[in-house]
Amino acid sequence: WAATVDGRLFRWDGASWASVWLAAAWGFGPDDVWAVGAQGVVLHWDGSTWSKGCAGTGADLADVWGWAADDVWAVGRDAQIVHWDGTSWSVVVSDAYGTELYGLWGFAPDDVWAVGWYQILHWNGTEWLAVPTPEGMPLLAVWGAAPDDLWVAGQGGRMWHWDDRTWTPVDSRAAGDIRAIWGAASDDVWAVDSLGGFLHWDGRSWSRPFGRTQGDALGLFGFAPDDVWAGCSFRGVMRWDGRAWSDVAGSPAEYLAAVW
């Protein structure tokens, strides 16, 4: 492994160097942040420096989510699922078949969801089990306000809502693939699509009130109804202040995959 002064990572495979992309980040505070990415890379921020961990897999990792500092999950290519127990990362066996997993979200240590290529998985505290996928669609994002208020979305802007009993298709108004979902409440949910669209759920319907950005919108995270952040490729970071989305001055105008 090698790193540049501007934070780029490179990996030597015995024959050549290749750049390593980071796909997702999750944290519990300013001194406890995880980032995951290509070839099983796992990085941890302790408030002053980044350190590299061993995920136990060489598969690309696409998302990371955690309930506590000793209970963190990551998923990715070849349906790999890995878990951090506070000491080490380990691969966890699941009902998934060998295709990509893209998204993670949970409500409790025994209530975690993963979505991916034609599949949905649920962790019940003991094992990961397959859940019937609505219409058998590729899914890229998952978020929920409560166990009976879960959203999944993916290719073509398709979106479904889970009420703890059934999946219901919902018109998302998306123009492209939905890459990320985040909400401040059950009636205040944002989603972004691959054509730069910002979508909003008000508890009754999805709308597309702000047109589109210049470039893909890939990452989404927030802290309050008037403090939501989005990572947009080749435009940088944008922020919702409760009234409008605007560019954050000085943010990197590069291919941003995640924001936390």
Side-chain angles (χ1 to χ4, degrees), residues 23-24 26 36 57 59-67 71-83 90-183 185-187 189-194 197 199-201 203-206 218 220:
W26 183 267
V36 301
T57 179
D60 295 346
L61 297 174
D63 202 8
V64 58
W65 176 90
W67 174 257
D71 186 9
V72 184
W73 294 94
V75 298
R77 187 179 295 275
D78 300 326
Q80 288 288 290
I81 301 177
V82 295
H83 182 257
S90 59
V91 176
V92 179
V93 177
S94 74
D95 268 356
Y97 50 89
T99 56
E100 289 83 353
L101 292 171
Y102 292 113
L104 272 171
W105 190 259
F107 304 103
D110 58 357
D111 189 4
V112 186
W113 295 80
V115 300
W117 202 250
Y118 296 97
Q119 60 186 324
I120 299 174
L121 300 172
H122 181 256
W123 171 256
N124 60 16
T126 303
E127 57 185 339
W128 284 95
L129 298 175
V131 176
T133 306
E135 299 183 29
M137 287 298 298
L139 298 170
L140 306 174
V142 56
W143 179 88
D148 60 353
D149 186 10
L150 181 75
W151 294 94
V152 299
Q155 280 195 340
R158 303 285 187 86
M159 182 177 283
W160 291 266
H161 181 263
W162 173 254
D163 63 3
D164 204 29
R165 297 183 302 276
T166 59
W167 293 103
T168 302
V170 181
D171 182 5
S172 70
R173 305 296 297 277
D177 301 341
I178 294 176
R179 302 293 185 84
I181 310 170
W182 183 87
S186 59
D187 59 355
V189 185
W190 290 94
V192 291
D193 69 29
S194 58
L199 315 168
H200 185 258
W201 171 260
R204 295 173 297 176
S205 63
W206 286 92
L218 304 177
L220 192 61

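We're numbering straight along the sequence, starting at 1. Computation of the quantities below employed the complete heavy-atom set of this structure, encompassing side-chain atoms and omitting hydrogens, waters and symmetry-equivalent molecules.
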**Derivation of the ring pair (Phe, Tyr, Trp, His ring centres under 6.0 Å) call for Trp143 and Trp201** = CA-CA 13 Å; Trp143 179 88; Trp201 171 260; over 10 Å; no
**Check: Trp67 and Val112 side chains under 4.5 Å, non-hydrogen atoms** = no
**Fill in**
Scanning both residues in full, the closest heavy-atom pair of Ser172 with Gly157 reads OG-O, 2.6 Å
**Asked** If you take all heavy atoms of Ala62 and Ala24, which pair is closest and at what distance?
**Response** O-CB, 3.5 Å
**Request:** Find the distance between CG (Asp193) and CZ (Arg173) and round it off to the nearest 0.5 Å.
**Result:** 12.0 Å
**Prompt:** What distance do Gln155 atom CD and Arg179 atom CZ have between them, rounded to the nearest 0.5 Å?
**Reply:** 9.0 Å
**Asked** Between Ala114 and Val75, what is the shortest heavy-atom contact and its length?
**Response** CB-CG1, 4.4 Å
**Asked** Strictly under 6.0 Å, is that where the ring centroids of Trp123 and Trp128 end up?
**Response** yes
**Asked** Is the closest side-chain heavy-atom distance between Pro138 and Asp177 below 4.5 Å?
**Response** no
**Complete:** Of all heavy-atom pairs linking Ala174 and Leu199, the shortest is CB-CD1, 3.6 Å
**Message:** Could you check whether any side-chain heavy atom of Tyr102 comes within less than 4.5 Å of a side-chain heavy atom of Trp117, counting everything from C-beta outward?
**Reply:** yes
**Request:** From the options Trp182, Trp206, Trp190, select the one residue that forms a ring-ring contact (aromatic ring centres under 6.0 Å, His included) with His200.
**Result:** Trp190
**Item:** Aromatic ring pairing Trp105/Trp26, orientation class (parallel under 30°, perpendicular over 60°, tilted between)
**Value:** perpendicular
**Asked** Only one of Thr168, Asp148, Asp149 forms a side-chain hydrogen bond (donor to acceptor under 3.5 Å, both in side chains) with His161, so which one is it?
**Response** Asp149
**Prompt:** Which heavy atom in Ile178 sits nearest to a heavy atom in Arg158, and how many Å separate them?
**Reply:** CD1-O, 4.4 Å
**Item:** Working for side chain to side chain contact (heavy atoms under 4.5 Å, CB included), residues Asp71 and His83
**Value:** CA-CA 7 Å; Asp71 186 9; His83 182 257; 2.7 Å; yes
**Complete:** The side-chain hydrogen bond (donor to acceptor under 3.5 Å, both in side chains) partner of Gln119 among Thr99, Asp95, Thr133 is Thr99
**Request:** Apply side chain to side chain contact (heavy atoms under 4.5 Å, CB included) to Val82 and Val36, showing your working.
**Result:** CA-CA 11 Å; Val82 295; Val36 301; over 6 Å; no
**Message:** Does Val131 form a side chain to side chain contact (heavy atoms under 4.5 Å, CB included) with Trp113? I'd like the steps, not just the answer.
**Reply:** CA-CA 10 Å; Val131 176; Trp113 295 80; 4.1 Å; yes
**Request:** Look only at the side chain of Ser186 and the backbone of Ala145, and say whether a donor-acceptor pair between them is shorter than 3.5 Å.
**Result:** no
**Asked** Would you find a donor on one side and an acceptor on the other, under 3.5 Å apart, between the side chain of Asp78 and the backbone of Gln80?
**Response** no
**Prompt:** Looking only at heavy atoms, which two atoms of Val142 and Val152 are closest? And how far apart?
**Reply:** CG2-CG1, 3.9 Å
**Prompt:** Do Leu121 and Ile81 come within less than 4.5 Å of each other through their side chains, counting heavy atoms only?
**Reply:** yes
**Request:** Working to the nearest 0.5 Å, report the span between CG of Asp60 and CG of Leu101.
**Result:** 12.5 Å
**Item:** Gap between atom CG of Leu150 and atom CH2 of Trp167 - 0.5 Å precision
**Value:** 5.0 Å
